[in-house]
Amino acid sequence: TNHKYAIKIVEDVGDSGDIIIGLLPNLSDAQVAKMEGSEYIGTATLGGWGMQGNGDKFGSWECPRFTFAKGDVVVCNFNFATKTLTLVCGDRKAVGAIPSFRAGDELYPAVTMYYKGEQIAFVAA
């Protein structure tokens, strides 16, 4: 079984590549209470795994890096059987194992935007 979604970067207004796309695990009430607008995918508070538009990766996974920006569509696909996360943007692709994922864990699509005015759209994957 796979968990797949796609995001189109509609507007990226800050320093190029500030939007992070990835997955978050199920969050406890305590984790949600700590968020207060200053947390993002891959932090110790939230956990999760993702890639920033400038190619930086977040969370405990290793993968090739690529960049994405305004106008790009990024497809995020998690394969539960192989515990691998695949991100694809045009002809660029990053695949990495997520060894900390456990059977029965829940995963959710996640996007972090840093600046007012940044916009994304969920699109067909």
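What you see is a predicted model; the values in this text were computed from it and never measured.
Considering all non-hydrogen atoms of both residues, Trp49 and Ser100 come closest at CZ2-OG, 3.6 Å. In this structure, Ala94 and Pro64 approach most closely via the heavy-atom pair CB-O, 3.1 Å. For the pair Phe66 and Cys89, the tightest heavy-atom approach, listed with the atom from each and the gap, is CE1-CB, 3.6 Å. The minimum heavy-atom distance linking Pro25 with Gly47 is given by the pair CD-C, 4.1 Å. Closest approach of Thr82 and Asn79 over heavy atoms only: N-OD1, 3.0 Å. Between Ala6 and Ala125 the shortest heavy-atom distance is CB-CA, 3.8 Å.
The hydrophobic cluster containing Val88 does not contain Phe80, counting ILVMFWY residues as joined when their side-chain heavy atoms lie under 4.5 angstrom apart, directly or transitively. Both Tyr114 and Val13 are members of a single hydrophobic cluster when ILVMFWY side chains are connected at heavy-atom separations under 4.5 Å. The hydrophobic clustering, which links ILVMFWY residues whose side-chain heavy atoms are closer than 4.5 Å, places Leu85 and Phe122 together. Under the 4.5 Å side-chain heavy-atom criterion for ILVMFWY residues, no single connected hydrophobic cluster contains both Val73 and Met113.
Two residues are said to be in side-chain contact when any heavy atoms from C-beta on lie closer than 4.5 Å; Tyr5 and Leu23 meet this criterion. Using a 4.5 Å cut-off on side-chain heavy atoms (C-beta onward), Ile9 and Ile21 make contact. For the pair Ile7 and Cys76, the minimum side-chain heavy-atom distance is 4.5 Å or more. Put simply, the side chain of Leu107 reaches to within 4.5 Å of the side chain of Phe101, judged on heavy atoms. Within the 4.5 Å cutoff, side-chain heavy atoms of His3 are placed close to those of Pro109. Side-chain contact between Lys4 and Thr86: absent, with no pair of heavy atoms (C-beta onward) separated by less than 4.5 Å.
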Worksheet entry | Candidate pair Leu87 and Phe68, rule side chain to side chain contact (heavy atoms under 4.5 Å, CB included), full reasoning | CA-CA 11 Å; Leu87 296 173; Phe68 54 88; over 6 Å; no
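Rounded to the nearest 0.5 angstrom, Gln119 CD and Lys8 NZ are separated by 11.5 Å. Interatomic distance, Ile120 CD1 to Asp12 CG, rounded to the nearest 0.5 Å: 12.0 Å.
Checking side-chain atoms of Lys57 against main-chain N and O of Gly59 turns up a donor-acceptor pair under 3.5 Å.
Screening Met51, Lys70, Gln52, Glu118 against Ile19 for a side chain to side chain contact (heavy atoms under 4.5 Å, CB included) leaves a single residue, Glu118.
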